[in-house]
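The structure under discussion appears below in the form of C-alpha cells.
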Amino acid sequence: MTGVRVLFLGGTGIISSACSWQAVEAGLDLTVVNRGKTSTRPLPPEARVLTADVDDASAFAEVAGQDFDVVVDWLAFTPDQVRARTDALRGRVGQYVFISSASAYQTPPARLPITESTPLRNPFWQYSRNKIACEDLLTALYRDEGYPVTIVRPSHTYDRTLVPFDGGWTIVERMRRGQPVVVHGDGSSLWTLTHHRDFARGLVPLLGHPRTLGEAFQITSDDVLTWDQIAQTLASAAGTSAQIVHVPSDAIAAAHPAWGAGLLGDKTHSAVFDNTKLRRVVPDFVATIPFESGAREIISWYDEDPARRRIDPSIDEAMNTLITRYTS
C-alpha cells in the first residue's frame, strides 16, 4: 500500500481521526481537506493539509483537479453532496469511498446478525434515509458506468470524546450526583460499540484494494453489550454506580423528540453484526478494545478539563420528568 495517494474529505472527526493516523502508519500518502477549524483531534504531522470547504463547488473543483488513487468522503450526508463530488472526481480517482451508516439497515432488523445483505430501510430517521439515498445514487453510478465506488457502513463508533448516550456528559454527571438515569426499553437490547482505532484497522486496508469496488462493507466490533451493561460500565469507570430507570422509547420520543429520533431510528433495536465479508478482504481484522477500556478513556478525557463536562439541560429536564412519571 506504500505510496497510494489518498484524499480524506474531512479527517479530524471521531471516526476519521483514527483513520488518518492509521493511514499514515500504513505508509499511505495522505492528504486531508477540511475547513481548517481547530480540532480536539490533531492530524498526524505526515499528512498534507488543504484548507477548503468541500461544499463550495469552486474550492472543491481545485482540490478535485489533482489526481488521487482513493478519495474517502467523510462529509457527505445528502445525494446532492454525493452527486457534486462524484461529478468533480469523475475520471480522476481510482476509488471513491462513501462513509454511510449502519443505521441505514432495516429498522427494526428482521433477523440478526446484521450483514451487508440486510435490506436498507429506516422509516424513523431522516439522517438514515439520506444515507440510503446516497447509497442508491452510488449503486446506480457503479452499475451504469462502472464508477469506482466502495460503501462503508460504521455502526456506533466512539472515541474518548464521545459518551455513548444522548446528552453526552449529562448521564455521567447524574450518576456521580447519585441521581437516577433513564435507559430506554428494559435495558436488555443488545448494542455494538466500536472504538475508532478498531474501525481504522478495518478501513485502511480497504483503501486501494481492487476487490472492494462496487461493494459495501460494515466495520464494527464484535463486543456486544446490553444498554444496562453500557450504563453500568460507564458508571464504574466514573467511580460510581448507575441507578437505572427504564422508560419506553416512544415515551422518551414524546418527551424529547430529538432524543427519541435516534432511539426509534437506531438504538432501540438490538444491533449485532457479522463481519465475515470484511474479513474475507482483511483477514487479520480483529477489534481489540472492549468498552471497559474505552469507558476509562472517555472518563479520563472529560475529567482532564472541567469545561468539557457540559450538561444538556433539555435532556436533564426530560430525564427528571420521565423518572418522576415512571417511578411514581
Heavy-atom pair with the smallest gap, counting every atom of [X] and [Y]:
{"X": "V204", "Y": "A26", "value": "CG1-CB, 3.9 Å"}
{"X": "I14", "Y": "D159", "value": "CG2-N, 3.7 Å"}
{"X": "A47", "Y": "V32", "value": "CB-CG2, 4.5 Å"}
{"X": "S103", "Y": "N122", "value": "O-ND2, 2.9 Å"}
{"X": "L75", "Y": "R85", "value": "C-NH1, 3.4 Å"}
{"X": "W21", "Y": "P42", "value": "NE1-O, 3.0 Å"}

Spell out, yes or no, whether [X] and [Y] are grouped together once hydrophobic residues are joined by side-chain heavy atoms under 4.5 Å, including indirect joins.
{"X": "V282", "Y": "I15", "value": "yes"}
{"X": "Y105", "Y": "I151", "value": "no"}
{"X": "V281", "Y": "V97", "value": "yes"}
{"X": "F165", "Y": "Y127", "value": "no"}
{"X": "V272", "Y": "I289", "value": "no"}

For [X] and [Y], does a side-chain donor sit closer than 3.5 Å to a side-chain acceptor?
{"X": "N320", "Y": "R174", "answer": "yes"}
{"X": "H269", "Y": "S189", "answer": "no"}
{"X": "Q126", "Y": "N130", "answer": "yes"}
{"X": "T268", "Y": "S249", "answer": "yes"}
{"X": "H256", "Y": "D166", "answer": "no"}
{"X": "T220", "Y": "N275", "answer": "yes"}
{"X": "R41", "Y": "T161", "answer": "yes"}

Are side-chain heavy atoms of [X] and [Y] found at a separation under 4.5 Å?
{"X": "D228", "Y": "I244", "result": "yes"}
{"X": "K277", "Y": "T115", "result": "no"}
{"X": "T226", "Y": "L190", "result": "yes"}
{"X": "V72", "Y": "L207", "result": "yes"}
{"X": "Q22", "Y": "R201", "result": "yes"}
{"X": "L50", "Y": "T31", "result": "yes"}
{"X": "F199", "Y": "S221", "result": "no"}
{"X": "F8", "Y": "V33", "result": "no"}

Verify side-chain hydrogen bond (donor to acceptor under 3.5 Å, both in side chains) between T51 and N34, making sure each step is shown before the conclusion.
CA-CA 5 Å; T51 302; N34 58 34; 5.2 Å; no
Stepwise side-chain hydrogen bond (donor to acceptor under 3.5 Å, both in side chains) test for Q232 and S241
CA-CA 6 Å; Q232 294 292 2; S241 60; 5.7 Å; no
Which value, rounded to the nearest 0.5 Å, describes the distance between [X] atom [atom1] and [Y] atom [atom2]?
{"X": "S100", "Y": "Q218", "atom1": "OG", "atom2": "CD", "value": "11.0 Å"}
{"X": "L278", "Y": "I219", "atom1": "CG", "atom2": "CD1", "value": "5.5 Å"}
{"X": "R309", "Y": "W301", "atom1": "CZ", "atom2": "CH2", "value": "11.0 Å"}
{"X": "T194", "Y": "F273", "atom1": "OG1", "atom2": "CZ", "value": "7.5 Å"}
{"X": "Y147", "Y": "L141", "atom1": "OH", "atom2": "CG", "value": "7.0 Å"}
{"X": "C134", "Y": "D80", "atom1": "SG", "atom2": "CG", "value": "9.0 Å"}

Applying salt bridge (Lys or Arg N to Asp or Glu O under 4.0 Å) to R153 and E116, what does each step give before you reach the verdict?
CA-CA 9 Å; R153 299 177 186 135; E116 287 83 355; over 6 Å; no
Could I get the full list of side-chain contact (heavy atoms from CB on, under 4.5 Å) partners for A237, not counting sequence neighbours?
A295, R296, I299
Are K131 and D136 within salt-bridge range, i.e. N to O under 4.0 Å?
no
Donor-acceptor contact present, side-chain [X] to main-chain [Y], <3.5 Å:
{"X": "R176", "Y": "T240", "value": "no"}
{"X": "D69", "Y": "V6", "value": "no"}
{"X": "Q106", "Y": "A110", "value": "yes"}
{"X": "D29", "Y": "V4", "value": "no"}
{"X": "T170", "Y": "G167", "value": "yes"}
{"X": "E135", "Y": "I132", "value": "no"}
{"X": "T157", "Y": "P154", "value": "no"}

Got more than 12 heavy atoms from elsewhere within 6.0 Å of [atom1], [X]?
{"X": "R35", "atom1": "CZ", "result": "no"}
{"X": "R308", "atom1": "CZ", "result": "yes"}
{"X": "Y142", "atom1": "OH", "result": "no"}
{"X": "R121", "atom1": "CZ", "result": "no"}
{"X": "Q179", "atom1": "CD", "result": "yes"}

From CA spacing to verdict: side-chain hydrogen bond (donor to acceptor under 3.5 Å, both in side chains), D56, S58
CA-CA 6 Å; D56 181 314; S58 59; 2.8 Å; yes
Listed partners of [X] passing side chain to side chain donor-acceptor pair (under 3.5 Å), at least two apart:
{"X": "H156", "answer": "W191"}
{"X": "S20", "answer": "none"}
{"X": "T276", "answer": "D274"}
{"X": "Y96", "answer": "D73"}

Donor-acceptor pairs are to be reported for all side-chain atoms of residues 258-267 against protein atoms at under 3.5 Å, with residues two or more places apart or in another chain.
none

Begin with the C-alpha distance, continue with both residues' side-chain angles, and end with the deciding distance and a verdict on side-chain contact (heavy atoms from CB on, under 4.5 Å) for V152 and L203.
CA-CA 8 Å; V152 173; L203 177 87; 3.9 Å; yes
Have a look at T150 and tell me which of R211, E215, H209, Q95 forms a side-chain hydrogen bond (donor to acceptor under 3.5 Å, both in side chains) with it.
Q95
Do Y158 and H195 have their ring centres less than 6.0 Å from each other?
yes
